[in-house]
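Counting starts at 1 for both ligands and their atoms, following the listed order.
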Amino acid sequence: MKIVFATANKGKIREASEILGPGFEVVSPADLGIFDDIEETGSTFRENSLIKAEYISRKTGLDCFADDSGLCVDALGGAPGVHSARYATDGHDFEANIAKLLAELGDNQQRKARFRCVVTLLVAGVPHFFEGTCEGSIAFSKAGCGGFGYDPVFIPDAWPDRTLAELSPDDKNAISHRGQALRLMSAWLSDKSR
Ligand code: ITT
């Protein structure tokens, strides 16, 4: 099944293809010649996820899904949250975001955090929402080079001796916020086609 993923983030596209498996061909807006920077004006993951799915569906006339996700750190009152991509700068500067996060936390021992993901699947204009959460904590320094974004400083509770960036793609996808949300979406689509 061909399905449009309303994202400009190549890490998300790669992970969605891995998680959804060979039964799906994940197509990006860029593959369709769309390079628009969609303004995320919502204040929740759900609102921003819907904004992105509706924008790309309107532009292409196709059903699609979007993912809004981010890192919520308890000691920072839930920040960076919906601002995760642009925490340090206006662009998606992962290195600067990590540097700012580690600086904000300093030597604070309270490092509990979680990744959250809300996927919106738009089918014939009707939104369906799927969510995932990955609990963990923030490391004191970076480790690993897999994944993307904050992965080098996120230690998942399920693998307490390594960061997400040190896991194989399969191991990350098995526990990740995105893995959970997209497997729910995949199950919903299979049910619907039965
Ligand atoms: P699109 O809006 O085009 O999908 P984006 O990267 O701007 O791409 P978001 O607005 O949802 O997406 O921001 C998500 C940010 O949260 C992302 O840029 C990372 O900084 C972080 N993030 C989300 N999932 C992550 C993951 O699995 N590993 C590490 N960081 C992640």
Can a salt bridge be assigned to the pair Arg178 and Glu18 using a cut-off of 4.0 Å between side-chain N and carboxylate O?
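No, no charged N to carboxylate O under 4.0 Å.
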Any salt bridge between Asp37 and Arg86, counting N to O under 4.0 Å?
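The answer is yes: the pair qualifies as a salt bridge.
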Counting only N and O atoms by type, is there a donor-acceptor contact under 3.5 Å from the side chain of Asn97 to the main-chain atoms of Ala85?
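The answer is yes, because a donor-acceptor pair under 3.5 Å joins these two groups.
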Show every side-chain hydrogen bond (donor to acceptor under 3.5 Å, both in side chains) that has at least one partner inside residues 147-159, sequence neighbours left out.
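The answer is Asp151-Lys172.
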Flag for Ser168-Asp170: side-chain donor and acceptor within less than 3.5 Å
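The answer is no; no qualifying pair exists.
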What does the list of residues with a heavy atom under 4.0 Å from ligand 1 look like, ordered by chain and number?
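Residues within 4.0 Å of ligand 1: Thr7, Ala8, Asn9, Lys12, Glu40, Lys52, Asp67, Asp68, Ser69, Gly70, Ser84, Ala85, His92, Phe94, Phe115, Phe148, Gly149, Tyr150, Asp151, Lys172, His177, Arg178.
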Evaluate whether atom CD of Glu135 has more than 12 neighbouring non-hydrogen atoms of other residues, nucleotides or ligands under 6.0 angstrom away.
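Above 12, so yes.
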